[in-house]
Amino acid sequence: MADETVNEIIRLLKKEYPGVRIALHHSNPLELLVSTILSARCTDKRVNEVTEKLFKKYRTAQDYVNVSREELEKDIYSTGFYKNKAKNIKKLSAILIENFNSQVPDNMHDLTALPGVARKTANIVLSNAFGKVEGIAVDTHVKRQSLRLGLTVNKNPGKIETDLMALVPKSDWGIFTLLLIHHGRRVCKSRKPMCGECVLNSLCPSAFSFG
DNA sequence: CTCCCGATAT
DNA sequence: ATATCAGGAG
């Protein structure tokens with residue numbers, strides 16, 4: 001895989017989706033952290049529906065600590081995995097209060113030490129809440145399209161991230177994920193990719209096999 | 001590797 | 001009915 005191919009992919013997607021922005025609604029780092037945790041195996045549409053009410057009720061880490069686990073579970077129920085998510089959000093909130101003056105840490109080491117937070121979530125928060133870049137967030141869309149486009153042959157998200165970091169210019173690490181998520185939801189879908197409408201069609205090794 | 005898990009598209 | 005959705009932990 002030549003670096004030029006990746007640059008062309010990024011150029012075409014930027015042109016197709018100018019001003020692409022993160023779809024998860026948030027107004028501060030804590031909201032983005034919670035929103036990203038809730039987005040695991042759940043559509044961002046539903047996450048935004050849930051957080052619209054959630055963020056009016058829970059404004060600080062202390063608010064998540066104060067409420068009972070059962071009540072928080074009910075408040076995030078429809079996002080799925082609600083027991084794990086509620087437990088992690090409560091536990092993580094206690095850590096923020098105890099160790100970080102109730103604030104969300106702005107570095108990879110501290111973020112990934114939080115329960116329910118691994119590199120994907122940390123990369124999203126770092127890039128979109130703090131303007132920092134320490135890696136490339138590899139979610140289901142980035143994984144699927146990186147494989148289809150031939151940017152990696154690995155299926156492990158950690159290895160995919162390493163492969164992508166070697167190919168994508170660091171100045172594009174943040175927007176790369178946003179572009180692929182946007183494109184993956186509209187065109188390069190998991191079940192029925194719309195290759196006929198894809199701006200990457202001519203340089204995608206998988207285009208023919210998807211008609 | 002399995003488990004967590006509701007909601008929606010196909 | 002089944003696959004999939006801004007994953008992560010054990």
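The basis for the numbers below is simple: all heavy atoms, side chains too, and nothing from hydrogens, waters or symmetry mates. We name chains A, B, ... by the order of the sequence lines, and we start the count at 1 in each one.
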Rounded distance [0.5 Å steps], [atom1] in [X] versus [atom2] in [Y]:
X	Y	atom1	atom2	value
A/Ile9	A/Asp172	CD1	CG	12.0 Å
A/Leu33	A/Ser93	CG	OG	8.0 Å
A/Leu72	A/Leu54	CG	CG	7.0 Å
A/Ser146	A/Leu164	OG	CG	4.0 Å

For the pair made of [atom1] in [X] and [atom2] in [N], what is the distance, rounded to whole Å?
X	N	atom1	atom2	value
A/Asp139	C/dA6	CG	P	8 Å
A/Leu114	C/dG7	CG	P	18 Å
A/Leu111	C/dA6	CG	P	22 Å
A/Asn48	C/dC5	CG	P	17 Å
A/Leu33	C/dG8	CG	C1'	13 Å
A/Ile160	C/dG7	CD1	P	13 Å
A/Lys192	C/dC5	NZ	C1'	17 Å
A/Arg21	C/dA6	CZ	P	17 Å

Under 4.0 Å between a side-chain N or O of A/Thr140 and OP1 or OP2 of C/dC5? yes
Is there a side-chain contact between A/Ser190 and the phosphate of C/dT4, meaning an N or O under 4.0 Å from OP1 or OP2?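 A/Ser190 to C/dT4 OP1/OP2: side-chain N or O found under 4.0 Å.
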Taking only the [atom1] atom of each, what is the distance from [N] to [M] in whole angstrom?
N	M	atom1	result
B/dC4	C/dC5	C1'	14 Å
C/dG10	B/dC5	P	14 Å
B/dT2	C/dA6	P	23 Å

Plane angle bin for A/Tyr64 and A/Tyr58 - parallel if under 30°, tilted between 30 and 60°, otherwise perpendicular: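 Rings of A/Tyr58 and A/Tyr64: parallel, as their planes differ by under 30°.
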What contact category does [X] fall into here, base, sugar-phosphate, or nothing, at under 4.0 angstrom with non-hydrogen atoms?
X	answer
A/Ala137	nothing
A/Arg41	base
A/Thr121	sugar-phosphate
A/Ile22	base
A/Ile124	nothing

Can you give the first and last nucleotides of DNA chain B, 5' to 3', that have an atom under 4.0 Å from a heavy atom of chain A?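 Boundary nucleotides touching chain A, in 5' to 3' order, are B/dC4 to B/dT10.
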No-H, no-angle donor-acceptor pair, A/Arg144 side chain to C/dT4 base, under 3.5 Å: no
Using the closest heavy atom to pick a nucleotide of DNA chain C for each, name whichever of A/Val117 or A/Arg185 lands nearer the 5' end.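 So the residue in question is A/Arg185.
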Let me spell it out: for each of A/Lys189 and A/Thr43, pick the nucleotide of DNA chain B with the closest heavy atom. Which residue's pick is nearer the 5' end? A/Thr43
Is it true that A/Glu71 and A/Lys57 make a salt bridge, defined as a side-chain N closer than 4.0 Å to a carboxylate O? yes
A/Glu73 bridged to A/Arg69 by N-O distance under 4.0 Å: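 Yes, charged N to carboxylate O under 4.0 Å.
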Walk me through it: do A/Thr162 and A/Asn154 pass the test side-chain contact (heavy atoms from CB on, under 4.5 Å)? CA-CA 10 Å; A/Thr162 302; A/Asn154 292 304; over 6 Å; no
Which ones in residues 69-97 of chain A lie close to DNA chain C, meaning a heavy atom under 4.0 Å from one of its atoms?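 Contacts with DNA chain C under 4.0 Å: A/Phe81.
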